[in-house]
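Proteins get letters first, then strands, A, B, ... in listed order; numbering begins at 1 in each. What you are looking at is a predicted structure, and each value in this text was computed from that prediction instead of being measured.
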Number of protein chains: 2
Amino acid sequence: MSTNSTFSAARAEVDAAAIAPLPRSRKVYQQGSRPDIRVPFREISQGDTPTMFGGEKNPPLTVYDTSGPYTDPSVKIDIRKGLAAMRGSWIAERDDTEQLEGASSKYGQARQKDAALDALRFELKRQPRRAKAGKNVTQMHYARRGIITPEMEFVAIRENLQRERYIEMLRATGPDGEKMAARLLHQHPGQSFGAAIPNLITPEFVRDEIARGRAIIPANINHPESEPMAIGRNFLVKINANIGNSALSSNISDEVEKMTWAIRWGGDTVMDLSTGKNIHETREWIIRNSPVPIGTVPIYQALEKVDGKAEELTWEIFRDTLIEQAEQGVDYFTIHAGVRLPFIPMTANRLTGIVSRGGSIMAKWCLAHHKESFIYEHFEDICDIMKAYDVSFSLGDGLRPGSGYDANDEAQFAELQTLGELTQVAWKHDVQVMVEGPGHVPMHLIKENMDMQLKHCHEAPFYTLGPLTTDIAPGYDHITSGIGAALIGWYGTAMLCYVTPKEHLGLPNKKDVKDGIITYKIAAHAADLAKGHPGAAIRDNVLSKARFEFRWEDQFNLGLDPDTAKDFHDETLPKDSMKVAHFCSMCGPHFCSMKITQDVREYAKQNGLQEAEALQLGMQEKAMEFVKKGSQIYHQR
Amino acid sequence: MSTNSTFSAARAEVDAAAIAPLPRSRKVYQQGSRPDIRVPFREISQGDTPTMFGGEKNPPLTVYDTSGPYTDPSVKIDIRKGLAAMRGSWIAERDDTEQLEGASSKYGQARQKDAALDALRFELKRQPRRAKAGKNVTQMHYARRGIITPEMEFVAIRENLQRERYIEMLRATGPDGEKMAARLLHQHPGQSFGAAIPNLITPEFVRDEIARGRAIIPANINHPESEPMAIGRNFLVKINANIGNSALSSNISDEVEKMTWAIRWGGDTVMDLSTGKNIHETREWIIRNSPVPIGTVPIYQALEKVDGKAEELTWEIFRDTLIEQAEQGVDYFTIHAGVRLPFIPMTANRLTGIVSRGGSIMAKWCLAHHKESFIYEHFEDICDIMKAYDVSFSLGDGLRPGSGYDANDEAQFAELQTLGELTQVAWKHDVQVMVEGPGHVPMHLIKENMDMQLKHCHEAPFYTLGPLTTDIAPGYDHITSGIGAALIGWYGTAMLCYVTPKEHLGLPNKKDVKDGIITYKIAAHAADLAKGHPGAAIRDNVLSKARFEFRWEDQFNLGLDPDTAKDFHDETLPKDSMKVAHFCSMCGPHFCSMKITQDVREYAKQNGLQEAEALQLGMQEKAMEFVKKGSQIYHQR
C-alpha cells in the first residue's frame, strides 16, 4: 500500500482481496417483517464427519457479518458510486426529516465550491437531510415513544445469529440430531456481573434497551448505507477499528482500503481519525462506502481549521464542524466535554500527562483562556445538533491514563463522573450516548473502571481503548491491550476499541489493522463466553468438533482467520491430501492424542462401556458406577 | 531454518543472531557470598532526558536475563563444547553424589556404543553423577534440613533484580533524585489472592519456600550448566517454551537454535518435547548448551522405544527412560501419574476426549491391560529416581480439557485431586513438585482451576498451558491463551507454558517461538503487576517516562522486543533524526498530545501552578485546592 500516491476519484476502486468471499462462506439474508429488512449473515459450510468418527452431516454455521455488500458476489461494487442507501426509505417514510438544498455548514459549502478538489471529491448526488424544525430523529426518541423502527428490528434479527434455524438444521441431520444439538449448544453458565441478556433478542427488547439508554444504534440519517448494529452490554460485545491519515502519511484510497479490510475481518464500527490533508473528502469516501457506523473526533478537524493552534478554537468553528460532519453522515462523535478546567491541574503530577489528543487540545484551550471548556458550556447546543441528525455521543475520556502509573487517578475519575452527568443531559434530549474509557490499566484495577462507569453513567454503554495491562511491550500492544479488553468486556463493556501492534510507534498498515481486529474479535468473544452470552459457545463447540474429527478445512474456515490458519498448517504439511489426514504435523502419523482418544472410545465401546448408553444415563452416574466397579476390581494399591 | 538438512556435530554452531547483545544492553553480574556465585542480569542503558523536559540523567535499568552466557561477549560460545559447568563445584562439594563410570540406563549405554551415531553425538567428557547410596540430593531435602544452597542464594539475588542498586543510582542523579526514585518506584497496591511476596527476597526466604514445597528450583545434578531459577507463586511469574522435533520435521541444529532463540527472548525454562528421530542425541545437545532448566515428557520417548504401541509399554522401559534422561541432566519430568484407570471413562462423553499426548498414551495402556496405570502404581519408585538426581516432578494433566466445552469437568478435577495426593507422596521423599494445569478454559472458569489446585495441591507451584479462553481462533492461539495465562498468573500460577500461533496447526518455527515467548512475557508481567509483585512496575514506569519524553531509542530498548519496536517505528519514520523527534508518525509535528501536555505543564507553572510545589504538597491536596479556587473563579454554568 503506497502512502504517497496521488489519489484520483476517477480511478478509485476497491482492493480485490476485500471483495472475495471467505473460503466456503456465503452471504445469506434473513428477511424481517417487511421485504426491505434483509439482515446479512455469513454462512460457513462444513464437510461431513469422517465415517470412522460417526459420519454425520454437519450443517452450516451462521456467523455475524460486518463486511456488508462487499462479500456478496451478487452486488456490483463501485466505490465511486458508494453503497446502496439501504435505510433510505426507512428514514424518508418517518417523514420527520427534510432534504436540504446543500450543506448547511460553511466549511462544507466552501469545500463543495472549491474546483481544486474536483478530482478528489466523491460525487454524491443526494443532498443532506436534517430533522424538520422541532423534530427529534434519534433512535432513542422513537424508542421512548414506543416505536420499533426497522433499525431496531434489523438489530434484533442480527443479534440472534439465526440460532433457531441452526438448531432446526441440527435436529434434521438424523436420528441423533437432537443429541447433536444438545451437545453443540452446551455452554457453561456465565458470570455476567449484572448484564441481563435474554435467550432470544426481540425487537421490543432492542427498543427497551435503547429507550433506557443501555444500548445505542449509531445511525445518522445521512448514512443510509449503514447496516444497523447495537452497542450495549446486553448485546454481543462489539469492536471498533481506527483508521485515518496524518499530516505525514496516507491518502484517501489507503483509508477506504483500510475500512473495507477492517470490516472484512470483523470491525463493527470504524473511526476515521484523520488529522492530515483533505479530511473532509477522505471522510466522504469512507462513509459512502461503509456498511458499518463511522465515528470521528470532530475537534481534530476543527483544530486543522485553525492551523493547529488550540487556543484559537471557538465554539463557532466547532459547531460548524459538527454540522459539516453530521451532514456527511458520521454516526457518532467523540466529544471531550468532560475535560473541564478544574480537572486539568490534577494531571500535572502524572507520569504521562494527558495522552488523549482531544483531551490535550481542550486542556490547552482552557488554560489559554482561563475559562471553562466551550464544549462543556455548549453541551446542550451540541445535543440539539445531535438530535437533528441522530448522531450518537461517544463521550471522550480526554483525561484517560497514558500509563499504568496514571491509572484510576483523580483526574480520570473526576472526568468520568462528569461524563455521567452529561449522559443524563443528553438523555434529557433523547440523544444516544456511549462513554469512552481507558487506556492503560493494570489488570487488578480494571474492574474499578467498569464499576465506576456503571455507577456514574447509569449503564450507558462503555467503550474502552484496551486497556493496556502493561507498558513494557511496544510492538505488541494489541496483546497487552487484548488482555485488558477481554477482561473489561467480561465485566460489561459494550464495545472495545482496538489497538494495533503499531500503537505508540507508527500508523497501522493493513497487516496491523488485521492483527488488531482479530485480537479484538478474540477479546470480545472471550468476553461473550465469560458473560454467558446465549449461544456464544456454539462456534467454539462446532470448531472443536471439527478439530477433533480432523476436518482440517472446517477447522480453518470456522475460525476468525481461515487464511492464516491454512497458511500455518501448510507450512509444515502443504499437500492437499494432508487436509484429510487423521494426524497433524505436531505429532505425526503414529503419535496422535486425538487418534488415541478415538481408540480409547472404540475400545471402551467394545468392552461394554457403551458410549451411547453412557450418554443416555448421563455420564456422571455412569462414570461413578465405573469408578466404584473399577475401584473394587482393579485398584491394587 | 531448514527442516530436512543433515546434522553434523562437527559443523554445529550457534546462530549469530542469538549471540549479539540486545541494543544498548550489557551483561552484568552480581556476586553473592562467594566468588563463584555470579548472578547474571541485563542492564539497559538510557539516554538523558531532553533539556525541555528537565534534562535529568536516567540510570540504566537491570532486568531479568534468561539468555545465559550467549549474550556475554566475553564468553566464547562453542556449542560443540557446551556451556561451562557453573554449578559443578557446588554439586561436588556437597559430597553426596558420585561420578558413575558411564550411563546406567540400558538405552543410554546402547546409544553410546552405536557407532552409527558418532557423527550426531555431543561429545561429553564428563560422566554422569548420581546420589550416593542412601543420599537424597534434592534442593527440597537440603532446604528442609535448613541448608541454604548456592542455588538458593543465586535465586534470591536473581529475583531482586538489583533493585536496591537501581534506587541508589536514582538518588545519586542529583538534587531531585529522591523524588525521581519515589516516582519510578510507585506501584499500585496489588490483589495477590493470598500470595505473600516480601519486598526483598532473601536466601532464607527461598529456602523456606522450597522447604514447604511452595517453590521449586529445577536443578538436576547432571545439568551443572544451568543457572538456578525459582518457580513459585511468591516469585516472579515464569514462562516455559516448548521445542522439539516430530517424526515429520526438524533436526538437531534446529532444536538447539530454537532453544537459544527462546532464552534470548525470555524463556525461563524450555521443554524438549521431541517425538521424532534421535531424541536422545537431540536432548544431549540441548542440555549441554542450555543455561535454563530443561523439562521433558519421558513417556514420549518410552513410546518410541516400543514403536508407538502404547500397550507394549512397561514399567521397566519407562524406568530405564527416566534414568537415561536423569543422567543426561533433564531438570523436570512431566509424569502423567494422575491418569488413573477409573477416570478414563469420565472422558468418553467429552467433545474433544483426551488431548494430552501423555494422557492418551496412558489411557490406552490402562484400557489395553484393564489395569491401573503403572506410573501411578510405581510412583514411589519414581520418587526414588527423582531424588537421586534432583529431577523435579511436573505432575502432568493428562486429562486436561481440549476445548472450552470440556473445561472443569469431572475427569479433569478427579485427576487434579490425585495430583494433590501424589504431591504429598513426593514431598514425603523430599522430591520437588509442580503441578500442571489446563488447557482450554473460558475466562470465568479459570479461577476455579486455581482455587482447586491450591486446595488439593497444598500450594505446590501450578504450571499451566495458557489456558486458551476461546477455541475460535486457530492461528492466534498465542493470544487466546495469553489472555487466560495473564489471568491465571494473577490468580497464583507460578509458571505459564507458552502457546505459539501454530498451536493446533503445525510445528513452531523461530518466528512462532518468539511470538509465543513475547506474548507470555506480557502475560507473566501483567500478572506480576496485578499481584503487586514488589518493584514490578518499575520497568513500566521507566519505559513510560522515556515514552513521554520522546526518547524513542530508550522506549524501544526498554521493551520486551527492541528490534520489532524499532522496525515498526522505522516503517513510517525511517530517518535517524526522527529518533530524537519530539513527535511521532501518529499525529505529526503540529499535533501531539504529549507535546501539548508539556505546554500545559509549562503554562501551569508560569501561572502559579508550580509543579514542584504541587509535588511537595502532594498533588491531591493541591489539585483539590485548585478545584475549589477554579470552581469559584471560573465555573460559569
Side-chain angles (χ1 to χ4, degrees), chain A residues 191 246-248 308 341-342 345-346 349 351-355 357 360 363-364 367 403-405 442-444 469-475 483 486 505-506 522 525-526 529-530 539-540 543-544 548 559-560 564-565 568-569 572 585 588 590-591 593 596-597 600 603 611 619 623 626-627 630 634, chain B residues 191 246-248 275 308 342 345-346 348-349 351-355 357 360 363-364 367 372 403-404 442-444 469-475 483 486 505-506 522 525-526 529-530 539-541 543-544 548 559-560 564-565 568-569 572 585 588 590 593 596-597 600 603 619 623 626-627 630 634:
Chain A
Q191 156 61 289
S246 83
L248 294 179
L341 181 61
M346 295 178 188
N349 199 26
L351 187 60
T352 49
I354 300 176
V355 293
R357 288 190 284 185
S360 53
K364 192 168 182 180
L367 286 187
S403 54
Y405 183 104
M443 280 196 289
H444 64 306
T469 53
T470 165
D471 306 321
I472 69 167
I483 294 167
L505 300 170
I522 289 169
H525 187 71
L529 287 171
R539 190 170 181 178
D540 296 74
L543 192 145
S544 294
F548 190 69
L560 292 177
T564 297
F568 280 1
H569 177 267
T572 326
S585 62
H590 300 298
F591 194 103
S593 61
I596 290 177
T597 303
V600 167
Y603 189 96
E611 194 187 353
M619 197 54 219
F626 186 85
V627 172
Y634 306 117
Chain B
Q191 157 61 289
S246 83
L248 294 179
T275 57
M346 294 178 187
N349 199 26
L351 188 59
T352 49
I354 301 176
V355 293
R357 288 190 284 184
S360 54
K364 192 167 183 181
L367 285 187
E372 184 55 275
S403 55
M443 281 195 289
H444 64 306
T469 54
T470 165
D471 306 322
I472 68 167
I483 295 167
L505 300 170
I522 290 169
H525 187 70
L529 286 171
R539 190 170 181 178
D540 295 75
N541 295 342
L543 192 146
S544 294
F548 190 69
L560 291 177
T564 296
F568 280 1
H569 177 267
T572 326
S585 62
H590 300 298
S593 61
I596 290 177
T597 303
V600 167
Y603 189 97
M619 197 52 219
F626 186 87
V627 172
Y634 306 117

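- Contact detail for A/F548 and B/T352: the closest heavy-atom pair is CE1-O, 3.3 Å.
- By number of non-hydrogen pairs under 4.5 angstrom with chain A, the leading residue of B/N541, B/L351, B/I483 is B/L351.
- Contacts with chain A were tallied for B/A565, B/A530, B/G475, B/G559; B/A530 has the most, counting heavy-atom pairs under 4.5 Å.
- Listed by chain and residue number, B/H186 satisfy the ring-ring contact (aromatic ring centres under 6.0 Å, His included) test with A/Y405 (two or more places apart in sequence, or in another chain).
- Shown here for B/I472 and A/L543, the closest heavy-atom pair between the two residues is CA-CD1, 4.0 Å.
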Worksheet entry | Test log, rule side chain to side chain contact (heavy atoms under 4.5 Å, CB included), inputs A/T469 and B/L529 | CA-CA 9 Å; A/T469 53; B/L529 286 171; over 6 Å; no
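- The two residues B/Q191 and A/H444 have their closest heavy-atom pair at N-CD2, 3.8 Å.
- B/P442 is not listed as a side-chain neighbour of A/D540, based on a closest heavy-atom distance of 4.5 Å or more.
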